[in-house]
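Down below is the structure, laid out as structure tokens.
Chain letters run A, B, ... following the sequence lines, proteins first and then strands; every chain starts at 1.
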Amino acid sequence: MVGWAIALHGGGGDIQLDYPDELRIPREIALRHCLDVGVSAFKSGKPPLDVVELVVRELENQPVFNAGKGSVLTAECTIEMEASIMDGKTKRCGAVSGLNTVVNPISLARLVMEKTPHVYLAFNAAEAFARAHGVETVETSHLITPENIQRLKQAKEFNRVQLDYTSPGPKAQGYHGESQTG
Amino acid sequence: TVGCVAVDSAGNLASATSTGGYVNKMAGRIGDSPIIGAGTYANHLCAVSATGQGEDIIRGTVARDVAALMEYKGLSLTEAAAYVIDQSVPKGSCGFIAVSANGEVTMPFNTNGMFRACATEDGYTEIGIWPKN
């Protein structure tokens, strides 16, 4: 067996080569920071399940990525976050959907895995489960960024759903003529 | 969408994915990230976390396909991932990260770019957005 290994992503999509530095650099810094969190966790002997939860929590806390704080907005200008986690050794897994106040959805997904006989809880019941377990929650407005309000306006203007990194403009060519990517 | 996969030196694997969905989506729409076997999967062979067009990733059962190709066709992680990114989803719709029990790391995507990073115990690290070449 070789040593430990870790990979992480901050989303993908229609990222043009001329992506502005003022958007690119904060995302690269955030990736480096979250990678360092994962490497330190491994070096301190944490198991893979703890490592992936820790890293995704850090990524959720970065407003530049579409998860946790910085989540994008639905057509109704609401936030609906979702997450899942899975342990390869036992195949135990947990998932949540439809959250709008939970600061770290990935930790709630892990609680579903560890504290219930189920795999998946969603919407109001998932929010109630979060409160019952003292998971950190905030007003939804704390999770919304001005950039994402602007992006929803752009998407509505072009009557499209928007790719994570689409530059606003007429419908994207290719797949369905719309970019529907999370 | 964000995600992380990890394997320790004993070959134990885990995967985690989290997202806000996509801009202007219908309220109530569920994407691939919380669907085990689509955007997130881990077993004794590999751990996978995906990002992209959720409906296509669900239709393609992307994360489970990678594991199944390793399990039933004996492909390596890199081979299984390359097959899935080329065959299981439309071009321009998906990317994922994956690690295997023997420490392989792969981060393929068929979109213009994917924000990604990886590190291994032997000191290798990579941070990228666009294809390496």
Side-chain angles (χ1 to χ4, degrees), chain A residues 1-15 27-28 31-32 35 39 47-49 51-53 55-56 59-60 65-67 71-76 78-89 91 93 95-97 105-106 151-152 155-156 161-162 174-175 180-182, chain B residues 1-27 30-31 33-34 36 40-44 47 49 51-54 90 92-93 95 97 99 102-103 105 107 109 111-122 125 127 129-130:
Chain A
M1 179 57 211
V2 296
W4 52 257
I6 181 173
L8 56 95
H9 68 79
D14 186 18
I15 310 171
R27 284 166 174 79
E28 288 181 335
L31 283 177
R32 163 67 64 190
L35 184 65
V39 170
L49 194 61
V51 172
V52 297
E53 181 190 5
V55 170
V56 170
L59 288 161
E60 287 170 337
F65 294 128
N66 169 23
S71 288
V72 297
L73 300 177
T74 71
E76 294 173 17
T78 57
I79 278 193
E80 292 183 357
M81 301 178 284
E82 51 196 19
S84 65
I85 191 167
M86 186 163 191
D87 176 27
K89 191 172 187 175
K91 286 203 183 170
C93 47
V96 290
S97 279
I106 197 62
R151 291 182 62 200
L152 178 60
K156 284 186 175 300
V161 290
Q162 197 175 55
Y175 178 70
Q180 298 177 333
T181 296
Chain B
T1 304
V2 301
C4 181
V5 292
V7 59
D8 65 14
S9 50
N12 300 306
L13 293 142
S15 175
T17 314
S18 182
T19 187
Y22 59 72
V23 184
N24 203 22
K25 71 175 185 177
M26 285 176 68
I30 304 293
S33 299
I36 298 296
T40 305
Y41 189 73
N43 66 1
H44 61 292
S49 171
T51 178
Q53 212 287 333
S93 68
I97 54 174
V99 290
N102 58 15
V105 181
M107 305 186 284
F109 52 96
T111 52
N112 286 349
M114 178 170 76
F115 286 93
R116 63 195 189 282
C118 71
T120 54
E121 190 166 8
D122 62 6
T125 63
I127 289 186
I129 300 174
W130 295 286

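Expressed to the nearest 0.5 Å, how far CZ of B/F115 lies from CG of A/L59 amounts to 12.0 Å. Taken to the nearest 0.5 Å, the NZ atom of B/K25 stands 12.0 Å off from the CG atom of A/L152. Distance check: B/N12 CG to A/L49 CG gives 10.5 Å after rounding to the nearest 0.5 Å. If you take CG on A/L8 and CZ on B/R116, they are separated by 11.0 Å, rounding to the nearest 0.5 Å.
A/N66 places a side-chain N or O within donor-acceptor distance of the main-chain N or O of B/G21, the cut-off being under 3.5 Å. A distance-only check finds a donor-acceptor pair linking the side chain of B/W130 to the backbone of A/I15 [under 3.5 Å]. Counting only distance, with no hydrogens or angles, the side chain of A/S84 and the backbone of B/S33 share a donor-acceptor pair below 3.5 Å.
Proximity to chain A involves both the backbone and the side chain of B/I30, based on heavy atoms less than 4.5 angstrom apart. Proximity to chain A (any heavy atom under 4.5 Å) is shown, for B/A119, by both the backbone and the side chain. Residue contact with chain B, scored on non-hydrogen atoms closer than 4.5 Å, is absent for A/I79. Neither the backbone nor the side chain of B/D122 comes within contact range of chain A, judged by heavy atoms closer than 4.5 Å.
Looking only at heavy-atom pairs under 4.5 Å with chain B, the residue among A/D87, A/L73, A/T78 that has the most is A/L73. Considering only heavy-atom pairs separated by less than 4.5 Å from chain A, the leading option among B/A27, B/A16, B/A117, B/P34 is B/P34. Interface check for chain B: of the options A/A95, A/P47, A/A83, A/S71, the most heavy-atom pairs under 4.5 Å are formed by A/A83. Of the listed residues (A/K89, A/E53, A/E76), the greatest number of heavy-atom pairs within a distance under 4.5 Å of chain B belongs to A/K89. Annotation: maximal heavy-atom pairing with chain B below 4.5 Å, among A/A67, A/C93, A/S97, occurs at A/A67. For the set A/R32, A/M81, A/E82, the count of heavy-atom pairs under 4.5 angstrom toward chain B peaks at A/E82. Comparing B/G95, B/C4, B/A47 by how many heavy-atom pairs each has under 4.5 Å with chain A, the most go to B/C4. Your options are B/V99, B/V105, B/T120, and the one with the most heavy-atom pairs under 4.5 Å with chain A is B/T120.
Contact detail for B/C118 and A/L35: the closest heavy-atom pair is O-CD2, 3.6 Å. Nearest approach of B/I36 to A/M86, heavy atoms of both residues: CG2-SD, 3.6 Å. Nearest heavy atom pair, residue B/A42 against residue A/K91, reads O-CG, 4.3 Å. The minimum heavy-atom distance linking B/T51 with A/G12 is given by the pair OG1-N, 3.5 Å. Nearest heavy-atom pair, A/G3 versus B/E121, reported as atom, atom and distance to 0.1 Å: CA-OE1, 2.8 Å. Smallest separation of non-hydrogen atoms from A/V72 and B/G20: CG2-O, 3.7 Å.
Residues satisfying the side-chain contact (heavy atoms from CB on, under 4.5 Å) criterion with B/N112, sequence neighbours excluded, are A/D14, A/Q16. Remark: B/S49 engages A/H9, B/V5, B/S15, B/T17, B/I97 in a side-chain contact (heavy atoms from CB on, under 4.5 Å) (not counting sequence neighbours).
Of the options B/V2, B/T19, B/T1, a side-chain contact (heavy atoms from CB on, under 4.5 Å) to A/F65 is made by B/V2 and by none of the others.
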